Amino acid sequence: PELAENVHRCRTLIIPLANPDGRLRFPRHSSVGTRLADRQRWEMGVDAKDNSFIWPEVKRLHPMRGPRVKHLGSYFNDGGVNLMHDEWFAPMAHETRALLDLAREEAPDFAVSLHSCASAPAILQPAYVPWAVKETGTIFSKRLRDRYAAANLPHSKLGRPPKEDGRDFPPPSFNLTSALHHVCGVVTMVHECCQGVIDEPYPQLGHGELLDLELILFDELLRFAVENPVDWTAK
């Protein structure tokens with residue numbers, strides 16, 4: 001009931017599919033019950049020697065095309081662009097332009113990019129954004145983790161406190177979540193949710209448990225937004 005109430009207290013925009021090219025290339029409805037090695041081939045693609053690309057090396061070739069690529073994974077649009085790592089000052093992908101245009105037009109208070117991986121769910125914060133944005137993301141991440149723990153659902157360890165970007169090498173990426181903030185000032189983050197692969201030691205969940213994880217995410221995000229309305233007036 002609280003989730004339904006807060007949905008109506010906020011202007012909530014949901015983009016159900018930001019990369020339709022990649023989704024059409026993924027051969028299953030979901031990754032539940034699959035093996036991690038199979039999912040990696042479908043998601044990240046296969047090189048010319050028939051080896052799966054794996055994270056993070058899959059991000060070294062951009063755009064992902066040419067003789068090194070035998071099969072394009074669902075990470076990418078048909079042009080081989082990973083939308084998380086586009087050319088932000090001259091976007092290569094139409095999908096990227098559409099996302100940035102929408103953010104500029106709507107100027108939301110909070111934006112979450114929904115991702116998935118084999119590991120327990122976690123909030124990933126953007127780099128190269130103001131300290132207040134980092135602190136807000138840290139507070140929300142802790143609240144969400146506590147909700148997952150209370151529901152006896154998989155949850156990641158508490159993340160490290162914010163730190164200044166670029167002090168360590170290699171520096172973090174300026175990615176889509178970073179770009180969205182600089183377009184409109186939004187508090188941005190990535191929610192990585194586990195996929196339900198059957199490999200140990202990853203969480204082996206069914207569709208019902210994955211739905212619980214996502215509903216709790218939205219419940220807590222909308223609760224957080226109602227409790228923390230963004231005020232841009234000078235103090």
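Since the structure is predicted, the reported quantities are computational estimates derived from the model, not experimental observations. Heavy atoms only: backbone and side chains are in, while hydrogens, waters and symmetry mates are out.
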Practice item. Check the pair Ile198 / Thr34 against side chain to side chain contact (heavy atoms under 4.5 Å, CB included), numbers first and verdict last. Key: CA-CA 6 Å; Ile198 60 176; Thr34 65; over 6 Å; no
Review point. Between the side chains of Asn175 and Ser173, is a donor N or O closer than 3.5 angstrom to an acceptor N or O?
Key: no
Check your understanding: Is there a salt bridge (Lys or Arg N to Asp or Glu O under 4.0 Å) between Glu220 and Arg145 once you walk through the steps?
Key -> CA-CA 10 Å; Glu220 193 61 35; Arg145 179 196 177 277; over 6 Å; no
Practice item. Tell me, please, which residues at least two apart from His94 pass side-chain hydrogen bond (donor to acceptor under 3.5 Å, both in side chains). Key: Arg97
Exercise for review: Would you please classify the geometry between the Phe26 ring and the Trp42 ring as parallel, tilted or perpendicular, with 30° and 60° separating the classes?
Suggested key: perpendicular
Check your understanding: Hey, is CZ on Phe224 packed in by over 12 heavy atoms from elsewhere, all under 6.0 Å?
Key -> yes
Exercise for review: Would you please test Arg65 and Asp78 for salt bridge (Lys or Arg N to Asp or Glu O under 4.0 Å) and show each step?
Suggested key: CA-CA 9 Å; Arg65 56 191 181 215; Asp78 285 348; over 6 Å; no
Check your understanding: Above 12 or not: heavy atoms from other molecules or residues under 6.0 Å from CZ of Arg104?
Key -> yes
Exercise for review: Check step by step if side chain to side chain contact (heavy atoms under 4.5 Å, CB included) holds for Leu99 and Leu176.
Suggested key: CA-CA 9 Å; Leu99 289 170; Leu176 177 59; 4.1 Å; yes
Review point. In Å, rounded to the nearest 0.5 Å, how long is the span from CG of Asp21 to CG of Asn77?
Key: 5.5 Å
**Study point:** Check: Gln125/Thr138 side-chain N/O donor and acceptor closer than 3.5 Å
**Key:** yes
Review point. Can you list the steps and then say if Gln195 with His115 is a side chain to side chain contact (heavy atoms under 4.5 Å, CB included)?
Key: CA-CA 10 Å; Gln195 298 167 319; His115 289 218; over 6 Å; no
Review point. Checking side chain to side chain contact (heavy atoms under 4.5 Å, CB included) for the pair Glu87/His62: CA distance, chi angles, key distance, verdict?
Key: CA-CA 10 Å; Glu87 175 55 66; His62 181 82; 5.6 Å; no
Exercise for review: Would you check if there is a donor-acceptor pair between the side chains of Ser113 and His191 at a distance under 3.5 Å?
Suggested key: no
**Study point:** Residues Asp165, Lys134: salt bridge by 4.0 Å N-O rule
**Key:** yes
Exercise for review: Only counting residues at least two apart or in another chain, list the ones meeting side-chain hydrogen bond (donor to acceptor under 3.5 Å, both in side chains) with Arg60.
Suggested key: none
Point to revise | Between Glu43 and Ser74: side-chain donor-acceptor atoms closer than 3.5 Å | key: no
Practice item. Kindly state whether the ring of His182 and the ring of Tyr128 have centres lying under 6.0 angstrom apart. Key: no
**Study point:** Shared-cluster residues of Val58, by chain and number - hydrophobic side chains joined below 4.5 Å
**Key:** Met44, Phe53, Trp55, Leu61, Met64, Val69, Leu72, Tyr75, Phe76
